[in-house]
Structures are given as C-alpha cells and as structure tokens.
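Keep in mind that what you see is a predicted model, and the values were worked out from it rather than measured.
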Amino acid sequence: MFRNQYDTDVTTWSPTGRLFQVEYAMEAVKQGSAAIGLRSRSHVVLASVNKAQSELSSHQRKIFKVDDHIGVAIAGLTADGRVLSRYMRSESINHSFTYESPLPVGRLVVRLADKAQQVCTQRSWKRPYGVGLLVGGLDESGAHLYYNCPSGNYFEYQAFAIGSRSQAAKTYLERRFKSFNESSREDLIKDAILAIRETLQGETLKSSLCTVSVLGVDEPFHFLDQESIQKVIDTFEKVPEEEEDGGEAEAEAAAAPAEQGGAGDQDVAPMEM
C-alpha cells in the first residue's frame with residue numbers, strides 16, 4: 001500500500017499536513033478483531049471477538065487486566081497491545097507503591113497517550129503502535145471508558161466499538177446508549193454480547209466466539225466463564241428459534257391445501273423462471 005515519498009517514516013509531513021504512517025496504524029486497528037466497551041454508573045463491561053487463524057490454533061487474547069479497577073480491550077496488532085498493557089500495569093503498580101492508592105483512570109490514559117503513543121510520532125526510528133485500546137476503569141469519580149488512538153488522541157465514551165465490522169456494533173450502541181447510564185450489571189453484559197453479535201454478520205454466536213470481562217463497585221476486574229456467557233446468549237437466541245418453528249408449521253399447513261388443489265394440473269408444463 002505504498003502511497004508516495006511522504007510515508008517512508010513517521011516524522012515526514014505531506015504537503016497536505018498528514019502523517020501517512022499514523023493513518024496506516026489506524027487502518028491496522030480497523031482490520032483487527034472487534035472489541036466493545038460499555039459503562040454505567042457503577043460497572044464497566046469489555047467484550048471482544050475470539051478469532052483464530054485456523055481451526056487447529058487457539059485465539060489470541062484481546063482483553064487484559066491492568067489492575068483490580070482497570071482493564072483494557074485491544075484491536076489491531078496483538079503484540080503491540082501486550083506491550084502497552086504491560087506498560088499500563090507497570091504504571092499502576094508504581095503509583096500504588098508510591099502513593100498507596102489506586103491510579104486514577106484518566107491519569108493512566110494521559111500517560112499512555114503521551115509516553116507510549118504520541119512520542120512514537122516524533123522519532124524517525126520508531127513507528128506508531130498499530131493498536132487501539134479501550135480502557136475501562138472505576139475510580140473515585142465513577143466509571144470511565146476511554147479509547148486510545150494510535151495517533152495519541154484519547155476520548156471518553158459511554159459505549160464504543162473498534163475493530164473490523166465495528167460499525168454495525170456502533171449502530172446498535174447508538175440506539176441504546178441513553179439507557180446505559182442506569183443499566184444494571186446484567187443488562188450491560190447482555191448489550192455487550194448483542195453488540196458482539198452484530199459484528200459477526202450472519203455467523204452463529206457462541207460463547208467460544210467471545211470474551212467478556214466485568215468490573216464494578218465492590219467487584220474487581222474478572223472474566224466471565226463460558227457457561228455464564230452461554231446462559232446470556234440462550235436468553236435471546238432461543239426466541240427466534242421458537243418463532244421459526246411456528247413459521248415453518250404455518251407454511252406446512254398452508255402448503256397442504258395447495259398440493260391437493262394442484263393434483264389435477266400435473267400435465268401442465270411448468271413455467272420458465
């Protein structure tokens with residue numbers, strides 16, 4: 001995807017004022033597996049799609065624990081995501097050791113944007129990290145959800161989705177986000193899984209295809225087990241199956257009289273389609 005002579009390193013500006021390597025890093029985020037984050041007043045839910053390279057391999061982890069009150073979901077280059085999550089974990093531990101208090105989520109996000117991402121756009125021997133991060137956490141000011149971009153920008157959201165096919169999930173979240181602030185823990189988990197289903201585009205949703213993590217007031221960061229996820233999926237996946245069964249029965253009942261009525265027209269030539 002060679003564009004021109006202005007994309008050979010990250011410190012070269014194009015005449016139109018663009019850094020092409022930063023744009024390439026942002027494109028890498030769009031090609032990664034989808035990751036979704038939601039927050040209410042008291043809880044944050046992070047979810048991601050488990051995508052394996054082949055049927056013989058396992059999937060890469062896309063959600064990492066930073067501290068008991070902070071977690072991160074990534075989309076893009078997994079190796080870059082592991083490096084940045086390790087940096088975040090180190091910053092959180094150092095803050096807790098020095099000040100004997102949890103690191104505020106906003107302060108960690110600023111450090112991540114400045115030191116781990118924005119610096120990479122000012123050194124010719126470095127490259128931007130090709131990964132986007134959804135940082136969810138809980139501190140004294142409440143629950144927070146931030147998106148860190150490879151360009152060094154960061155934004156706070158009520159709910160957000162990144163990665164491949166994330167636009168379908170964003171559309172679902174935009175229809176529902178006004179109720180998220182007052183949502184319960186169970187409702188947030190359900191909405192996160194429904195948003196994950198939107199990114200699959202026809203593929204059957206199973207617990208093995210997604211990872212879900214939760215943190216909240218008096219609830220440290222942890223992952224939901226596969227059984228809990230499957231129970232949530234069953235609550236909204238069984239309803240369409242019952243409707244389909246009813247529709248098939250009605251279709252069979254309607255087809256029976258038609259077959260009887262058409263028995264005398266067997267000699268008629270079929271119509272060309």
Side-chain angles (χ1 to χ4, degrees), residues 1-37 46-49 51 53 59-67 70-95 103-137 144-157 159-170 199:
M1 189 175 160
F2 185 82
R3 190 184 295 264
N4 51 40
Q5 69 269 29
Y6 298 106
D7 65 356
T8 54
D9 64 70
V10 74
T11 60
T12 301
W13 292 92
S14 75
T16 57
R18 299 163 65 182
L19 291 172
F20 287 118
Q21 284 206 5
V22 174
E23 295 181 15
Y24 297 162
M26 296 170 68
E27 189 66 27
V29 176
K30 297 178 183 178
Q31 301 299 325
S33 301
I36 292 167
L46 298 175
S48 67
V49 176
K51 186 180 293 183
Q53 294 295 325
H59 64 272
Q60 293 277 356
R61 287 180 58 196
K62 297 293 184 179
I63 301 179
F64 301 94
K65 177 182 178 180
V66 176
D67 204 339
I70 300 176
V72 58
I74 67 171
L77 298 179
T78 307
D80 287 358
R82 286 199 302 266
V83 171
L84 292 180
S85 64
R86 194 179 303 121
Y87 166 77
M88 297 169 66
R89 198 174 297 121
S90 176
E91 288 294 308
S92 182
I93 292 173
N94 291 338
H95 186 278
L103 176 61
V105 184
R107 190 177 303 175
L108 176 61
V109 170
V110 172
R111 292 181 186 178
L112 178 64
D114 289 343
K115 196 169 184 178
Q117 293 181 311
Q118 204 274 335
V119 168
C120 293
T121 66
Q122 297 179 333
R123 304 289 188 270
S124 60
W125 61 90
K126 292 187 176 183
R127 66 165 176 81
Y129 287 96
V131 64
L133 299 98
L134 289 176
V135 183
H144 301 278
L145 177 69
Y146 291 91
Y147 169 55
N148 275 71
C149 182
S151 64
N153 294 321
Y154 60 92
F155 310 91
E156 186 169 9
Y157 288 91
F160 199 58
I162 56 177
S164 62
R165 302 175 182 171
S166 60
Q167 186 56 50
K170 288 179 187 177
T199 67

Asker: Give the intermediate values and the outcome of side chain to side chain contact (heavy atoms under 4.5 Å, CB included) for residues Gln60 and Ser33.
Answerer: CA-CA 10 Å; Gln60 293 277 356; Ser33 301; over 6 Å; no

Asker: Nearest 0.5 Å, please: how far is CZ in Arg107 from CD in Glu91?
Answerer: 11.0 Å

Asker: Starting at SG of Cys149, measure out to CE of Met26 and round the result to the nearest 0.5 Å.
Answerer: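 If we round to the nearest 0.5 Å, Cys149:SG and Met26:CE are 4.0 Å apart.
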
Asker: So, do Pro104 and His95 sit near enough that their side-chain heavy atoms are less than 4.5 Å apart?
Answerer: yes

Asker: What's the spacing between Arg61 CZ and Ile74 CD1 if we round to 0.5 Å?
Answerer: 9.5 Å

Asker: Can you give me the closest heavy-atom contact between Pro150 and Ala25, atom names plus distance?
Answerer: CB-CB, 3.8 Å

Asker: Taking all atoms of both residues into account, what is the closest heavy-atom pair of Leu134 and Ala35, and its distance?
Answerer: CD1-O, 3.7 Å

Asker: Work out which heavy atom in Cys120 is nearest to a heavy atom in Val10; give both atom names and the distance.
Answerer: O-CG1, 3.3 Å

Asker: Checking Asp9 now: which residues fulfil side chain to side chain contact (heavy atoms under 4.5 Å, CB included) with it, not counting sequence neighbours?
Answerer: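 For Asp9, the residues satisfying side chain to side chain contact (heavy atoms under 4.5 Å, CB included) (neighbours in sequence not counted) are Thr11, Thr12.
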
Asker: Considering residues at least two apart in sequence or located in another chain, which fulfil the ring pair (Phe, Tyr, Trp, His ring centres under 6.0 Å) criterion with Phe64?
Answerer: none

Asker: State, to 0.1 Å, how close Val29 and Gly132 come at their nearest heavy-atom pair, and which atoms those are.
Answerer: CG2-N, 3.3 Å

Asker: Which word best sums up how the rings of Tyr147 and Phe155 line up, parallel for under 30°, tilted for 30 to 60°, or perpendicular for over 60°?
Answerer: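 Aromatic pair Tyr147/Phe155 classed parallel.
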
Asker: Going by side chain to side chain contact (heavy atoms under 4.5 Å, CB included), name the residues that satisfy it together with Ala169, two or more places apart in sequence or in a different chain.
Answerer: Ile36, Ala161, Ala195, Thr199

Asker: How close do Leu133 and Ile162 get, counting heavy atoms only, and between which atoms?
Answerer: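 Between these two residues, the closest heavy atoms are N-CD1, 4.3 Å.
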
Asker: What residues form a side chain to side chain contact (heavy atoms under 4.5 Å, CB included) with Arg123, not counting sequence neighbours?
Answerer: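 Expected list: Val119, Trp125, Lys126.
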
Asker: Using the rule given for side chain to side chain contact (heavy atoms under 4.5 Å, CB included), can you reason through Leu145 versus Leu46, listing the C-alpha separation, both sets of side-chain angles and the distance that settles it, and then say yes or no?
Answerer: CA-CA 9 Å; Leu145 177 69; Leu46 298 175; 4.0 Å; yes

Asker: After noting the C-alpha distance and the side-chain angles of Phe160 and Lys170, does the key distance pass the side chain to side chain contact (heavy atoms under 4.5 Å, CB included) rule?
Answerer: CA-CA 6 Å; Phe160 199 58; Lys170 288 179 187 177; 3.9 Å; yes

Asker: Just jot down the side chain to side chain contact (heavy atoms under 4.5 Å, CB included) partners of Asp80, sequence neighbours excluded, or say none.
Answerer: Leu77, Arg127, Tyr129, Val131

Asker: Let me check something: any side-chain donor-acceptor pairs from residues 81-89 under 3.5 Å, sequence neighbours excluded? List them with distances.
Answerer:
| unit_1 | atom_1 | unit_2 | atom_2 | d |
| --- | --- | --- | --- | --- |
| Ser85 | OG | Gly81 | O | 3.2 |
| Ser85 | OG | Arg82 | O | 2.9 |
| Arg89 | NE | Lys65 | O | 3.1 |
| Arg89 | NH2 | Lys65 | O | 3.0 |

Asker: Roughly how far apart are Tyr154 OH and Leu108 CG, rounded to 0.5 Å?
Answerer: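 The CG atom of Leu108 is 11.5 Å from OH of Tyr154, to the nearest 0.5 Å.
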
Asker: Quick one: are Asp67 and Leu103 in side-chain contact, heavy atoms under 4.5 Å?
Answerer: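 Answer no - side chains too far apart.
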
Asker: Identify the two heavy atoms, one from Asp7 and one from Gln21, that lie closest to each other, and give their separation to 0.1 Å.
Answerer: O-NE2, 3.3 Å

